[in-house]
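Read the structure below first, then the notes.
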2 protein chains.
Amino acid sequence: MKSNNPRVRILIGAATALGPGKVDLLLAIDRHRSISGAAREMGMSYRRAWLLVDSMNRSFTSDLVVTSTGGKGGGGAEVSALGHDVVRRYQEMEDKAAQSVALEASEFAKLLKDPSGDA
Amino acid sequence: MKSNNPRVRILIGAATALGPGKVDLLLAIDRHRSISGAAREMGMSYRRAWLLVDSMNRSFTSDLVVTSTGGKGGGGAEVSALGHDVVRRYQEMEDKAAQSVALEASEFAKLLKDPSGDA
């Protein structure tokens with residue numbers, strides 16, 4: 001998506017049970033099979049990543065991330081079936097919402113000084 | 001919008017020239033006719049509010065907020081015609097995007113432990 005197009009971000013729930021940052025974290029955990037590895041890739045502390053995972057796991061009917069040890073070192077972590085479902089649904093909503101306003105957004109972008117939006 | 005429905009947030013531009021926080025700030029400035037008054041209402045420092053305004057003004061083809069003094073005390077501030085247009089377009093995109101995924105979002109909400117999303 002061009003940078004002068006909108007990035008539609010969806011926050012679910014009053015306490016924002018899920019948002020783009022948490023989805024990115026789930027994807028990184030899925031790649032690394034590790035919370036600490038995902039945290040490193042995302043440039044956040046292990047503690048912050050763990051707190052985000054804990055908040056997601058508390059928000060949904062079952063855990064989105066299952067850790068093999070949960071020790072402070074991190075240990076192995078897997079995105080659960082629900083976690084994968086949540087990511088898929090989230091991305092589908094994000095894409096659909098973005099497409100729904102693609103025209104308005106390209107018009108809007110003309111109001112930006114720098115078409116790339118980097119102003 | 002019920003809290004277990006999605007809040008669709010749109011970020012325009014690579015540098016997120018505009019997002020929900022900045023739109024809320026524009027609305028507060030319009031109510032208070034003052035950056036400092038808006039900052040107080042939003043519980044942010046005057047400095048932070050001023051920096052957000054400055055970043056918005058730099059991002060668009062003309063200023064969204066016009067200050068009468070710009071002094072460190074804040075002084076008077078008005079949302080410009082472009083500022084009002086930007087807010088209107090933003091809110092229309094947000095509403096349209098949210099409506100486009102309303103069904104998916106209410107299905108998604110069933111995966112939340114607390115339907116209010118406050119988990």
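Side chains included, hydrogens not; waters and symmetry mates left out as well; all remaining heavy atoms used. Chain identifiers are assigned alphabetically (A, B, ...) following the order of the sequence lines, protein sequences preceding nucleic acid strands; residue numbering begins at 1 within each chain. No experiment lies behind these values; they were computed from the predicted model shown.
N57(B) CG to K113(A) NZ: the interatomic distance, rounded to the nearest 0.5 Å, is 8.0 Å. Put simply, CD on E94(A) and CD on E104(B) are 13.0 Å apart, with the number rounded to the nearest 0.5 Å.
Counting all heavy atoms, side chain and backbone alike, F108(B) lies closest to Y90(A) at CE1-N, 4.3 Å. For the pair V101(B) and K96(A), the tightest heavy-atom approach, listed with the atom from each and the gap, is CG1-CB, 3.9 Å. Scanning both residues, S100(B) and A97(A), for their nearest heavy atoms gives OG-CA, 3.4 Å.
Looking at heavy atoms from C-beta onward, V86(A) lies in side-chain contact with L111(B) at the 4.5 angstrom threshold.
Not a single side chain to side chain donor-acceptor pair (under 3.5 Å) links R40(B) to another residue, sequence neighbours left out.
Transitive grouping of hydrophobic side chains (ILVMFWY, heavy atoms separated by less than 4.5 Å) keeps L26(B) and V66(B) in distinct clusters.
Here salt bridge (charged side-chain N to carboxylate O under 4.0 Å, His left out) pairs that include residues 77-92 of chain A, with residues two or more places apart or in two chains, are R33(A)-E78(A), D85(A)-R88(A), D85(A)-R89(A), R88(A)-E92(A).
The number of heavy-atom neighbours closer than 6.0 Å to CZ of R48(A), taken from other residues, nucleotides and ligands shown, is 12 or below.
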